[in-house]
Enquirer: 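Below: one structure in structure tokens.
To find a chain, count down the sequence lines: A is the first, B the second, and so on, and within it residues start at 1.
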Amino acid sequence: MNGRTILRVVFPKPQQHSHWFLCFSTSASYNIGTCIATLQSYAHNTNLSKGKEIHSYLLKNAFFASPPAITSLISMYSKCTHMDYALKVFNFPTHLDKNVFAYNAIIAGFVANGLSQHGFALYRQMRHLGILPDKFTFPCVIRACGDAVENFEVKKIHGLLFKLGLEFDVFVGSALVNTYLKFAMLVEAHEVFEELPVRDVVLWNSMVTGYAQIGKFEEALRVFRRMGENGLVPSRYTATGVLSIFSVIRDFDNGCAVHGFVTKMGYDSSTVVSNALIDMYGKCKCVSDALSVFDIMNEKDIFSWNSIIAVHEHCGDHYGTLRIFDRMLGNGVQPDLVTVTAVLPACTHLAALMHGREIHGYMVVNGFGKEESNSDFDYVLLNNALMDMYAKCGNMRDARMLFDNTREKDVASWNIMITGYGMHGYGDEALDMFSRMCKAHMTPNEISFVGLLSACSHAGMVKEGLEFLSEMESKYGVSPSIEHYTCVIDMLCRAGQLMEAYDLVQIMPFKADPVGWRSLLAACRLHKDTDLAEIAARKVIELEPGHCGNYVLMSNVYGVVGRYEEVSEVRHTMKQQNVKKRPGCSWIELMNGVHVFITGDRNHPQTDFIYAGLNSLTAVLQEDGYVPSI
DNA sequence: GTAGGGTTAG
């Protein structure tokens, strides 16, 4: 990288604690120093039950008044994510003289456990009591400001740092850079960075990832290059940071270069680095590269599984998504909310209602997906994925039940219902949903109108559809896009109003897209209008010369009016252009899986039985006077 | 005795 040789850096392994620490016995006697060292080891290994044993040992042996022991206990409980116990120790009535160590430990605990508000409240409390914060307090408190969106507090703290002479501490400086960048206060972040006398890798990383997180990728990469020029060796954190950038900007070549670098450095043994690689390859649509990183990973965590699932879904490999999900369950890995939200769209796309239902059932049995046990954000997302699955699989009843039973809804929830009703021909219900949405003071967006207009199209509600098109900008503030016009063209075509559709194509503010022209072409075939069909066909073939459906539609138009010479002409052009008609394909989901059928395909083990069924259906149709069209 | 940086879904 950068043409320079980078020395291999060997990272120290996490400190190995000797065996006797882990054999702490409540019947033996230990001094306070041993207890603290043991607590640290349990904090490191997040061994809560052993930590609790030391806690009771300290209480029994009257060591509890020792401030260092209290600090270590708070830290141990914090690392084990038990802030309730940590707070109990902190507030224990016998030690009234809370010192800066205890405050630092409890504040750090709250901030690390995502409870920054609590952490910040305790900082205020210590200030109120006149306890002077030190260089250990500030990194946590500054981070808390970032989490709690308190940008004015950062400025105040920054001022205090000068008074206390802590402005040159690199730990504090890193926290300041992080928080300033989070608030996009670029000038302040740069000032801190430039004025620090010692700049370590963590500080540089804070700049790189800080810029990346606010979407300033160019800046982030510029800092990254400068970091190399200053002779710093990127750490695994740096690698993860730049990988996430190449993932967002879909830069495969540089992503691969980082892959080479992390392999050379031995960083690829890190689960987090591998997860970032999987994500990068996935975003660049390289499923096989992502999969090969995933397959050789020694320790896969929930992020690894969720990422590889997302990769398959992102690349449109819905079967792949379900396959990996199955593999995940087979490996005994518990899916989480993210997993389920990623897998449900695969069921939706495959119209695999049974799979979707199974996942829904799994969620209910395992207690996740409950409104009260998730953040509103996660909950709405998951519920929307479920509703979308039911709606697109044609089960509007269950979609509606979910919709009616949830308190939290966003604009997507309403759109899913409008689109779902519209898709299945329930025009009145779609329109009703839309008016309820407006009554609930939810502002419709462009997707709402795509759903609404396609609902009008499928239900033949031409008058209503045209009204929505003309009102959507003036009344709802959503300016019509090409997609909206395409819906209306389709609506007019389906209603047989070919000339109105063609007029709209000519006066609308966009050039019609292939979908619009194809709607017109299909309608011409139905209504035997060869003149308009020729115009539409010429346009659509010009826009999409390789799309077989366009030629087939055109030849069908000629076929319907008996112009067989032109039919063979179109077929000839298809051959010349080397356009091949893809065989028709349909599938149906039954109890044990999805059954796929291709035109003329007799590979299904129950072919004879199926065709017998089809023949009797055809007989019933013919009895009712149905004549198949060409 | 206490402190800083990273990854996933939509």
Enquirer: Thinking salt bridges, do A/Glu53 and A/Lys60 make one under a 4.0 Å N-O criterion?
Expert: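 Not counted as a salt bridge, because no side-chain N and carboxylate O are separated by less than 4.0 Å.
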Enquirer: If you draw a 6.0 Å radius around NZ in A/Lys216, do more than 12 non-hydrogen atoms from other residues or ligands fall strictly inside?
Expert: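 Not more than 12 within 6.0 Å, no.
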Enquirer: Over all strands shown, is A/Ile36 touching base, sugar-phosphate only, or nothing at heavy-atom distances under 4.0 angstrom?
Expert: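 Sugar-phosphate only.
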Enquirer: Is the phosphate of B/dT2 approached by A/Gln40 (side-chain N or O, under 4.0 Å from OP1 or OP2)?
Expert: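 Yes, because at least one side-chain N or O of A/Gln40 sits under 4.0 Å from OP1 or OP2 of B/dT2.
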Enquirer: Between A/Lys79 and B/dA3, does any side-chain N or O lie under 4.0 Å from OP1 or OP2?
Expert: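 Yes, A/Lys79 has a side-chain N/O under 4.0 Å of OP1/OP2 on B/dA3.
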Enquirer: Counting any heavy atom closer than 4.0 Å, what does A/Ala175 reach on the DNA or RNA strands: base, sugar-phosphate only, or nothing?
Expert: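 Since no nucleic acid heavy atom lies under 4.0 Å of A/Ala175, the category is nothing.
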Enquirer: Give the stems involving DNA chain B, where a stem is 3 or more consecutive Watson-Crick or G-U wobble pairs (i with j, i+1 with j-1, and so on) under 3.5 Å.
Expert: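 If one scans DNA chain B for consecutive Watson-Crick or G-U pairs, no stem of 3 or more turns up.
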Enquirer: Base, sugar-phosphate, or nothing: which does A/Ser72 touch, judged by heavy atoms less than 4.0 Å apart?
Expert: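 Sugar-phosphate contact only - A/Ser72 comes under 4.0 Å of backbone atoms but never of a base.
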Enquirer: Could you tell me whether A/Glu299 atom CD has more than 12 heavy atoms of other residues or ligands within 6.0 Å of it?
Expert: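 Count not over threshold, so no.
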Enquirer: Counting the atoms with a prime plus P, OP1 and OP2 as sugar-phosphate, which does A/Thr240 contact under 4.0 Å by heavy atoms, base, sugar-phosphate, or nothing?
Expert: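 Touches sugar-phosphate only.
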Enquirer: NA contact type, A/Ala108, heavy-atom cut-off 4.0 Å: base, sugar-phosphate, or nothing?
Expert: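 A/Ala108: backbone/sugar contact only, no base atoms under 4.0 Å.
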Enquirer: What is the nucleic acid contact for A/Asn99, judged by heavy atoms within less than 4.0 Å: base, sugar-phosphate only, or nothing?
Expert: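 The answer is base, as A/Asn99 lies within the cut-off (heavy atoms under 4.0 Å) of a base atom.
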Enquirer: Report which part of the nucleic acid A/Val172 touches: base, sugar-phosphate, or nothing (heavy-atom distance under 4.0 Å, all strands).
Expert: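 It contacts nothing in the nucleic acid.
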Enquirer: For B/dT7, take OP1 and OP2 only and decide whether either is under 4.0 Å from a side-chain N or O of A/Arg236.
Expert: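 A/Arg236 to B/dT7 OP1/OP2: no side-chain N or O under 4.0 Å.
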Enquirer: Above 12 or not: heavy atoms from other molecules or residues under 6.0 Å from CG of A/Asp295?
Expert: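 For A/Asp295, atom CG is crowded (more than 12 foreign heavy atoms under 6.0 Å).
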Enquirer: Applying side chain to side chain contact (heavy atoms under 4.5 Å, CB included) between A/Ile106 and each of A/Met83, A/Met126, A/His118, report the one that passes.
Expert: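 Only one option passes, and that is A/Met83.
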Enquirer: Which residues pass the side-chain hydrogen bond (donor to acceptor under 3.5 Å, both in side chains) test with A/Gln125, not counting sequence neighbours?
Expert: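 Per chain and number, A/Gln125 pairs via side-chain hydrogen bond (donor to acceptor under 3.5 Å, both in side chains) with A/Tyr103.
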Enquirer: Going by ring centres under 5.5 Å and near-parallel planes (under 30°), is A/Phe136 stacked on B/dT2?
Expert: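 It does: the ring sits over the base of B/dT2.
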Enquirer: Just to confirm, is there a sub-4.0 Å distance from OP1 or OP2 of B/dA9 to any side-chain nitrogen or oxygen of A/Lys283?
Expert: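 It does, given that an N or O in the side chain of A/Lys283 lies less than 4.0 Å from OP1 or OP2 of B/dA9.
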Enquirer: How about A/Phe325 and A/His355: are their ring centroids closer than 6.0 Å?
Expert: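 They do not qualify: ring centres at least 6.0 Å apart.
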Enquirer: A/Asp200 near the nucleic acid: base, sugar-phosphate alone, or nothing, with a heavy-atom cut-off under 4.0 Å?
Expert: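 A/Asp200: base contact, heavy atoms under 4.0 Å.
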